[in-house]
Amino acid sequence: MNRQIHTVSIIGMGALGVLYASRISEHLPKTNLRVIADQSRIDRYEAEGLYCNDKRCDFQYVLPKTKSDPADLVIFAVKFRDLQDAISVARNQIGPDTIIISLLNGIISEEIIAETYGMNQIVFCVAQGMDAVKMGNKLTYHQMGELCFGTYPKGAPTDQVLRVADFLDRMQVPYSVKEDMAKHLWGKFMLNVGVNQTVAVYRGNYGTIQREGEACETMIAAMKEAIRISESEGTGLCESDLTYWLNILDTLNPEGMPSLRQDTLANRPTEVGLFAGTVLALAKKHGMDTPVNQMLYDRITEIEQSYGK
């Protein structure tokens, strides 16, 4: 394994950004962790603070224009709508040896990042099993979950993967290395298609879909549609994988809620295009019907259009 990861830049202070920045800051010198943000955000963070489980975070904030040595690791933790801006914001943090991981939902963020920085710097990653909820400047969580990453689409761990694993060991961040990363990426996508959208439409929380009933049935039906799409895409995901992901769902705090539900509560644009939107586009490509995802797409679009009314 080549040199260790010592400097990290994180872009995005949503739930996952704060969660992992907070944990990393406990084990890394303050100057080695850079939170990249524009001046207005930095002013707000410094004035109001960012809190993780009621503890104020002490981060080093860095402007995008600030020149520095490239970071060893760059973590994208923004919403999909902010990804293109984040790619530009990260430019001064990324050099030829920088490893990049994306914590974004969906199955396309790595490809978009690679259009600018190349695929050879990216380690495919999925964040799963956390029940983090961020309201305003305060993040709370009970389950940290884990980062799952590996060689894409499949294969033995590369040197980059091993370096990330070594770093997360030192930061005491839970993780697992996957040898079939494409299948795992699609598995998390399938879970999001079911959980994120159903909880938003039923205006509930994780408990809403952890118990039997109409919401749970809707969630599973949406997930099965995503699985059928994935089979046509040749990812290896199948209905037997449902049990694995439903078991993860059962570990989450029933009072917690996924990001899309948090967005609708805050009257923010959602990532429905990443979930049902992707399913519908691929269904059209393969000549399939996906009525449950169509319903979820329509209902969430209606919720967004109702903001302010």
Side-chain angles (χ1 to χ4, degrees), residues 14-16 19-20 53 77 80 103-107 125-135 139-150 173-176 178 180-231 235-265 270-272 274-276 278-279 290 292-293 295-297 299-300:
L16 293 184
L19 174 65
Y20 287 109
N53 283 347
F80 183 74
L103 305 185
L104 275 72
N105 287 319
I107 53 177
C125 180
V126 165
Q128 67 182 50
M130 60 286 300
D131 55 8
V133 175
K134 184 169 180 278
M135 294 295 180
L139 172 79
T140 57
Y141 72 90
H142 297 275
Q143 299 290 337
M144 173 169 275
E146 65 176 350
L147 295 180
C148 300
F149 54 95
V173 171
Y175 73 89
S176 60
K178 302 295 182 182
D180 194 346
M181 195 59 212
K183 179 179 179 179
H184 201 79
L185 190 71
W186 266 87
K188 174 64 185 302
F189 172 68
M190 173 264 295
L191 183 73
N192 275 327
V193 163
V195 175
N196 257 288
Q197 300 186 128
T198 302
V199 173
V201 165
Y202 284 84
R203 291 175 164 82
N205 50 28
Y206 287 126
T208 305
I209 39 84
Q210 286 171 331
R211 57 180 177 266
E212 293 183 0
E214 180 182 324
C216 181
E217 292 171 2
T218 299
M219 173 191 71
I220 291 174
M223 292 165 72
K224 287 183 176 180
E225 288 182 351
I227 290 171
R228 287 197 295 112
I229 296 292
S230 77
E231 290 171 345
T235 67
L237 191 69
C238 58
E239 284 202 17
S240 63
D241 294 304
L242 266 175
T243 301
Y244 171 85
W245 291 99
L246 292 176
N247 285 340
I248 289 176
L249 176 61
D250 285 340
T251 69
L252 304 181
N253 175 18
E255 299 302 317
M257 60 187 70
S259 60
L260 201 149
R261 172 60 172 152
Q262 294 177 49
D263 287 338
T264 59
L265 280 173
T270 74
E271 294 183 312
V272 67
L274 270 182
F275 303 140
T278 299
V279 170
T290 50
V292 178
N293 274 278
M295 179 274 291
L296 292 170
Y297 184 89
R299 293 280 299 277
I300 293 168

Donor-acceptor pair, side chain of Asp131 and main chain of Gly256, under 3.5 angstrom: no
So, do Thr208 and Arg203 sit near enough that their side-chain heavy atoms are less than 4.5 Å apart? no
Is the shortest heavy-atom distance from the side chain of Thr278 to the side chain of Phe189 under 4.5 Å? yes
With heavy-atom distances below 4.5 Å as the criterion, would you say the side chains of Val133 and Arg261 are in contact? no
Which atom pair, heavy atoms only, marks the closest approach of Ala222 to Gly194? CB-CA, 4.2 Å
Show your reasoning for whether side-chain contact (heavy atoms from CB on, under 4.5 Å) applies to Leu242 and Lys224. CA-CA 8 Å; Leu242 266 175; Lys224 287 183 176 180; 3.8 Å; yes
Do Glu271 and Asn192 come within less than 4.5 Å of each other through their side chains, counting heavy atoms only? no
Distance in Å, Ile229 CD1 paired with Thr235 OG1, rounded so as to fall on 0.5 Å steps: 11.0 Å
Hey, does Gln197 have a side-chain heavy atom less than 4.5 Å from the side chain of Thr218? no
Taken to the nearest 0.5 Å, the spacing of Thr198 OG1 from Ile300 CD1 works out to 8.0 Å
Taking Glu225 for its side chain and Val292 for its backbone only, find out whether a donor-acceptor pair lies under 3.5 Å. yes
About how many Å separate SG of Cys216 and CG of Leu246, when rounded to the nearest 0.5 Å? 7.0 Å
Closest heavy-atom contact between Leu249 and Gln210? O-NE2, 2.9 Å
Could you measure the distance from the NZ atom of Lys188 to the CG atom of Leu237? Nearest 0.5 Å is fine. 13.5 Å
Can you tell me how far CZ of Phe80 sits from CG of Asn105, rounded to the nearest 0.5 angstrom? 11.0 Å
Heavy atoms of Ser176 and Lys178 approach each other most closely as OG-CE, 3.4 Å
Apply side-chain contact (heavy atoms from CB on, under 4.5 Å) to Met257 and Leu265, showing your working. CA-CA 10 Å; Met257 60 187 70; Leu265 280 173; 3.4 Å; yes
Evaluate the side-chain proximity of Met190 to Ser230: yes if any heavy-atom separation is below 4.5 Å, no if none is. no
When rounded to the nearest 0.5 Å, the distance separating CD1 of Ile209 from OH of Tyr202 is 12.0 Å
Shortest non-hydrogen contact from Leu147 toward Tyr20: CD2-OH, 3.4 Å
Between Trp186 and Ile107, does the side-chain contact (heavy atoms from CB on, under 4.5 Å) criterion hold? Intermediate values first, please. CA-CA 7 Å; Trp186 266 87; Ile107 53 177; 3.4 Å; yes
Report the C-alpha distance between Asn196 and Thr270 in whole Å, list the side-chain angles of each, state the deciding distance to 0.1 Å, and finish with yes or no for side-chain contact (heavy atoms from CB on, under 4.5 Å). CA-CA 10 Å; Asn196 257 288; Thr270 74; over 6 Å; no
Verify, without hydrogens or angle tests, whether Gln262 (side chain) and Met135 (backbone) share a donor-acceptor contact under 3.5 angstrom. no
Test item: Met181 and Val126 side chains (from C-beta on) under 4.5 Å apart, heavy atoms: yes
Minimum heavy-atom separation for Leu252 and Gly129, please, with both atom names. CD2-O, 3.1 Å
Taking atom OH of Tyr206 as the centre, report whether more than 12 heavy atoms of other residues, nucleotides or ligands fall under 6.0 Å from it. yes
Could you tell me if the side chain of Val195 sits less than 4.5 Å from the side chain of Met219, heavy atoms only? yes
Closest heavy-atom pair, Leu103 versus Ala77, reported as atoms and distance to 0.1 Å, is CD1-CB, 4.3 Å
Check the orientation of His184 and Trp245. Use parallel for under 30°, tilted for 30 to 60°, and perpendicular for over 60°. tilted
